J.: 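If you scroll down you'll find the structure; I have some questions about it.
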Amino acid sequence: MSHKYVYLFSEGNGSMRELLGGKGANLAEMTVLGMPVPQGFTVSTEACTRYYEDGKKIAPEIEEEIYANLAKMEEINGKKFGDKENPLLVSVRSGARASMPGMMDTILNLGLNDDVVAGMIAKNSDIKFVRFVYDSYRRFIQMFSDVVMGLAKSTFEVIIDEVKEKKGVKNDIDLDADDMKELVKLFKAHYKKEMGEDFPSDPKTQLMESVKAVFRSWDNPRANVYRRMNEIPYSWGTAVNVQPMVFGNLNENSGTGVAFTRDPATGERALFGEYLINAQGEDVVAGIRTPSHISKLAEDMPEVYKQFADIANRLEEHYADMQDMEFTIENGKLYMLQTRNGKRTAAAALKIAVDLVDEGKISEDTAVLRVEPKQLDALLHPQFDAKALKAAKAIGKGLAASPGAACGKVVFTAEDAKAWHENGEKVVLVRLETSPEDIEGMAAAEGILTVRGGMTSHAAVVARGMGTCCVSGCGDIKMNEEAKEFELAGHVIKEGDYISIDGSTGNIYGEAIPTVAASISGDFDRFMKWADARRTLKVRTNADTPRDAAQAVAFGAEGIGLCRTEHMFFEGDRIKAIREMIVAKTPEARKAALDKILPYQQGDFEAMYRVLEGRPMTVRFLDPPLHEFVPQKEEDIVELAGELKISVDELKAVIAGLHEFNPMMGHRGCRLAVTYPEIAEMQTTAVINAALAVNKEHPEYNIVPEIMIPLVGEVKELKFVKDIVTSTADKLIAAAGSDMKYHVGTMIEIPRAALLADEIAKEAEFFSFGTNDLTQMTFGFSRDDAGKFLDAYYENKIYENDPFARLDQNGVGKLIKMAAEGGRKTRPDIKLGICGEHGGDPTSVEFCHNIGLNYVSCSPFRVPIARLAAAQAAIKEKNAK
Ligand code: ADP
Ligand code: MG
Ligand code: MG
């Protein structure tokens with residue numbers, strides 16, 4: 001038998017999401033559970049992959065299989081495609097393995113043409129029904145044109161507006177049957193004019209073109225951006241679901257809605273959702289009409305409500321997770337159109353995971369796996385300062401669509417949000433409503449405020465997914481997009497003005513409200529304890545200041561994996577002493593300058609050790625090229641020359657001497673210590689004396705300093721610097737009459753070091769993989785320049801992710817594995833960790849766990865993310881056994 005590409009809903013089940021996509025698998029599962037699902041079929045993700053393999057064509061045998069299943073669907077539903085008497089109308093819906101809300105477009109009412117419409121009206125000439133038929137037809141033309149042919153929906157909206165204007169009405173509802181009929185005529189004429197051919201009337205052509213369009217949409221720019229943001233592989237492909245239409249817009253006894261089994265913003269256990277009477281699916285999501293709360297359905301249609309609530313309960317029990325459901329009521333009869341594990345805010349995710357454990361529905365292991373590590377980010381960021389919030393007066397209120405506090409300058413377009421953000425501005429994006437094209441701007445904004453749309457509008461769903469604060473549906477706003485301003489309760493707010501929005505209350509403030517840091521408590525604390533009990537990987541932080549170190553410790557850091565000393569050099573008077581050292585011509589002059597820096601540096605380390613209260617700290621010696629410490633502008637050079645009491649020319653000569661063609665691969669890292677051993681001497685003295693001093697204050701800390709030599713590529717180079725460290729340190733420790741231990745290790749960030757790790761381990765007591773440099777040296781391009789060409793690489797599917805954000809496991813990962821093995825061969829107890837940006841990236845953390853590293857080190861705000869990712873990696877490993 002040839003390969004099967006098409007599955008009736010009754011042939012599938014919930015475990016087949018790789019093949020049927022999430023939507024298809026869950027439609028099949030609801031069918032298995034005997035729930036009222038309009039019975040159709042799913043064209044598999046394998047067919048999508050085939051489509052691309054075959055050069056964007058649907059193979060004849062797949063086409064045949066689709067038609068064969070169409071025939072079966074006709075029989076099951078007792079209707080026929082394109083039939084005048086009893087026509088079958090369908091929706092064509094995309095559905096990938098991972099849900100990608102709003103990323104791909106659905107076509108509704110497919111199968112309509114002039115003949116079918118004539119047949120439907122001949123059987124029922126009730127004026128309301130006639131209106132409904134033409135309304136469905138014009139919607140279909142609009143959607144098909146937009147999704148399949150790329151003829152923008154907005155060009156049709158213009159026609160609707162003209163018809164409304166001519167008639168002198170405001171709302172679509174005010175258009176009657178004749179108007180809708182007129183619209184169909186105008187739409188078809190518009191189509192013909194723009195496309196140069198008639199609107200396709202053959203339902204089978206309509207269907208096949210739509211299937212292709214869904215496959216094509218897998219590769220549209222928005223889908224690609226969404227995938228990259230969510231790390232969904234391109235190779236997965238999407239399935240296509242073809243399903244008989246049910247009509248929520250048939251009459252007043254019909255409707256459509258979406259609901260969650262728990263509140264997706266807070267996690268509270270209660271049916272949560274919205275519906276519209278006499279409406280078709282996309283009306284609720286599009287936010288054009290404001291829907292009613294699901295609880296009102298209990299009054300409008302008590303029987304249907306009871307049935308729906310019962311199904312919702314069963315689905316939640318069945319999946320043991322919060323469900324997000326779409327339903328439609330056609331003439332009093334309920335149909336389920338979708339269920340999936342609902343997207344939720346981080347706060348809701350925690351509450352739901354903890355509650356489900358307390359309700360005895362899932363284990364603690366499962367709970368820990370349920371929360372997306374990256375989501376925690378939303379809980380770690382500032383909240384409004386309670387006092388300032390109390391003092392502020394809201395100028396308006398919208399829906400509390402996605403919690404959090406946002407304060408920033410107003411922008412009105414997604415492009416501006418992105419551009420301003422790139423210039424370092426904090427912005428709040430204000431839109432009438434958002435659409436999928438806005439996604440990058442939404443990601444760049446601190447918060448999103450919309451005029452239209454409910455709790456399930458695009459803005460709300462996407463913001464919750466991203467953990468961005470969102471207030472939606474503030475209908476009081478009078479928007480003037482052209483003038484780039486809006487008015488709310490008499491306040492005129494212009495582009496660039498500060499506003500604050502509170503995603504937990506919906507309040508909008510016409511002013512900047514200060515924010516305060518978050519803390520880990522309640523459900524969050526309980527949940528993180530479960531995670532900590534399961535992980536084996538330690539989590540440290542990258543911190544250079546006591547403030548960052550304290551923040552990281554509050555977030556659960558078990559020490560510092562990377563303390564960059566150069567950051568300490570820029571503060572106050574220190575930079576002057578550093579510059580003195582740089583212009584020094586003799587070792588003596590250099591020493592004199594370094595002597596000025598020493599007390600500062602020692603003081604810094606003491607402060608760090610105090611905050612750490614005995615937790616370990618790896619101090620990295622000076623790493624950047626020296627030119628970073630000298631000014632480049634003429635006036636600054638003149639000023640500095642005066643301060644240093646040397647001539648401007650002399651200083652310019654020094655600066656010119658520091659110039660490098662490729663500073664990234666120049667005079668930096670341990671090369672500085674090889675040329676200027678005094679620097680390593682001074683830094684060793686600062687670290688050791690600081691540790692001795694704080695150990696004396698607090699013997700219980702038992703500090704064992706860890707000194708890390710950067711950018712090593714050769715064991716002799718490491719030995720050279722290490723000898724300076726040990727001779728300096730041993731003298732100081734002996735002089736203090738102490739028996740303090742200390743460790744010297746290195747960063748592995750040059751490919752040569754990874755290749756020769758077994759040799760390097762003879763001198764290094766620990767390795768810390770500096771994955772930022774290791775990535776740029778391995779790829780041969782720098783992260784500062786990659787932005788210039790990475791987009792083209794994404795477009796051409798050469799790279800799917802930024803290797804600086806997500807560890808390249810194939811290449812860089814191979815070097816890390818090799819180095820870990822080499823290191824352990826020479827020194828079985830060698831301590832291994834990573835300290836690049838990747839230390840806080842969940843998939844990279846999982847990789848570190850799997851290759852047996854001892855710890856990851858990441859920025860303070862990512863510490864909880866890394867803790868959770870490490871726990872999930874451990875649980876996954878256990879479950880795989
Ligand atoms: P998305 O994944 O973006 O939610 P869907 O495929 O779920 O897209 O569909 C968009 C809208 O169309 C939903 O509101 C859904 O309820 C509605 N819809 C889809 N298929 C049908 C159908 N067979 N009958 C009625 N409404 C439908
Ligand atoms: Mg849907
Ligand atoms: Mg480095």
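Just so you know, ligand 1 is whichever comes first in the structure, and atom 1 is the first atom listed for that ligand. Side-chain atoms are counted along with the backbone in the values below, which use heavy atoms only and exclude waters and symmetry mates. Everything numeric in this text was worked out from a predicted model, so none of it was measured.
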J.: Check each of Phe187, Phe156, Tyr134, Phe199 against Phe140 using the ring pair (Phe, Tyr, Trp, His ring centres under 6.0 Å) test, and report the only one that passes.
T.: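 Filter result, single survivor: Phe199.
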J.: Indicate yes or no: does an N/O atom of Thr256 lie under 3.5 Å from an N/O atom of ligand 1?
T.: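 Between Thr256 and ligand 1, no N or O pair is found under 3.5 Å apart.
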J.: Between Ser94 and ligand 1, does any nitrogen or oxygen pair lie at a separation below 3.5 Å?
T.: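 For ligand 1, there is no N or O atom that lies under 3.5 Å from one belonging to Ser94.
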J.: Taking N, O or S atoms only and a limit of 2.8 Å, check whether Gln338 reaches the Mg ion (ligand 2).
T.: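 Here the distance criterion (N, O or S atom, under 2.8 Å) is met by Gln338, so yes.
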J.: Can an N or O of Arg93 be found at a distance shorter than 3.5 Å from an N or O of ligand 1?
T.: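 Yes, at least one N or O pair falls under 3.5 Å.
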J.: Considering Pro38, Ser91, Gly248, Gly40 one by one, which has a heavy atom nearer to atom 20 (N) of ligand 1 than any of the others?
T.: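 Looking at heavy atoms only, Ser91 sits closest to atom 20 (N) of ligand 1.
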J.: Quick check: of its N, O or S atoms, which one does Glu326 have closest to the Mg ion (ligand 2)?
T.: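 The Mg ion (ligand 2) is closest to the Glu326 atom OE2, counting only N, O or S.
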J.: Please check if the side chain of Glu74 supplies one atom and the backbone of Lys79 the other of a donor-acceptor pair under 3.5 Å.
T.: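 Side chain of Glu74 to backbone of Lys79: no pair is present.
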J.: Heavy atom to atom 23 (N) of ligand 1, shortest distance: which of Pro244, Gly257, Gly95 holds it?
T.: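 Selected option, by shortest heavy-atom distance: Pro244.
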J.: Mark the output for Lys23 as yes if a heavy-atom distance to ligand 1 is under 4.0 Å, and as no if none is.
T.: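 Distance cut 4.0 Å: Lys23 passes for ligand 1.
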J.: Report the C-alpha distance between Tyr137 and Asp114 in whole Å, list the side-chain angles of each, state the deciding distance to 0.1 Å, and finish with yes or no for side-chain hydrogen bond (donor to acceptor under 3.5 Å, both in side chains).
T.: CA-CA 9 Å; Tyr137 195 13; Asp114 289 354; 2.8 Å; yes
J.: Without hydrogens or angle criteria, can the side chains of Gln243 and Arg93 be said to hold a donor-acceptor pair below 3.5 Å?
T.: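 Note: Gln243 and Arg93 side chains meet the donor-acceptor criterion.
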J.: How about Glu433 and Ser457: does a side-chain donor come under 3.5 Å of a side-chain acceptor?
T.: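 Result is no, nothing qualifies.
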J.: What I want to know is whether Leu108 and ligand 1 share at least one N or O pair that is separated by under 3.5 angstrom.
T.: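 For ligand 1, there is no N or O atom that lies under 3.5 Å from one belonging to Leu108.
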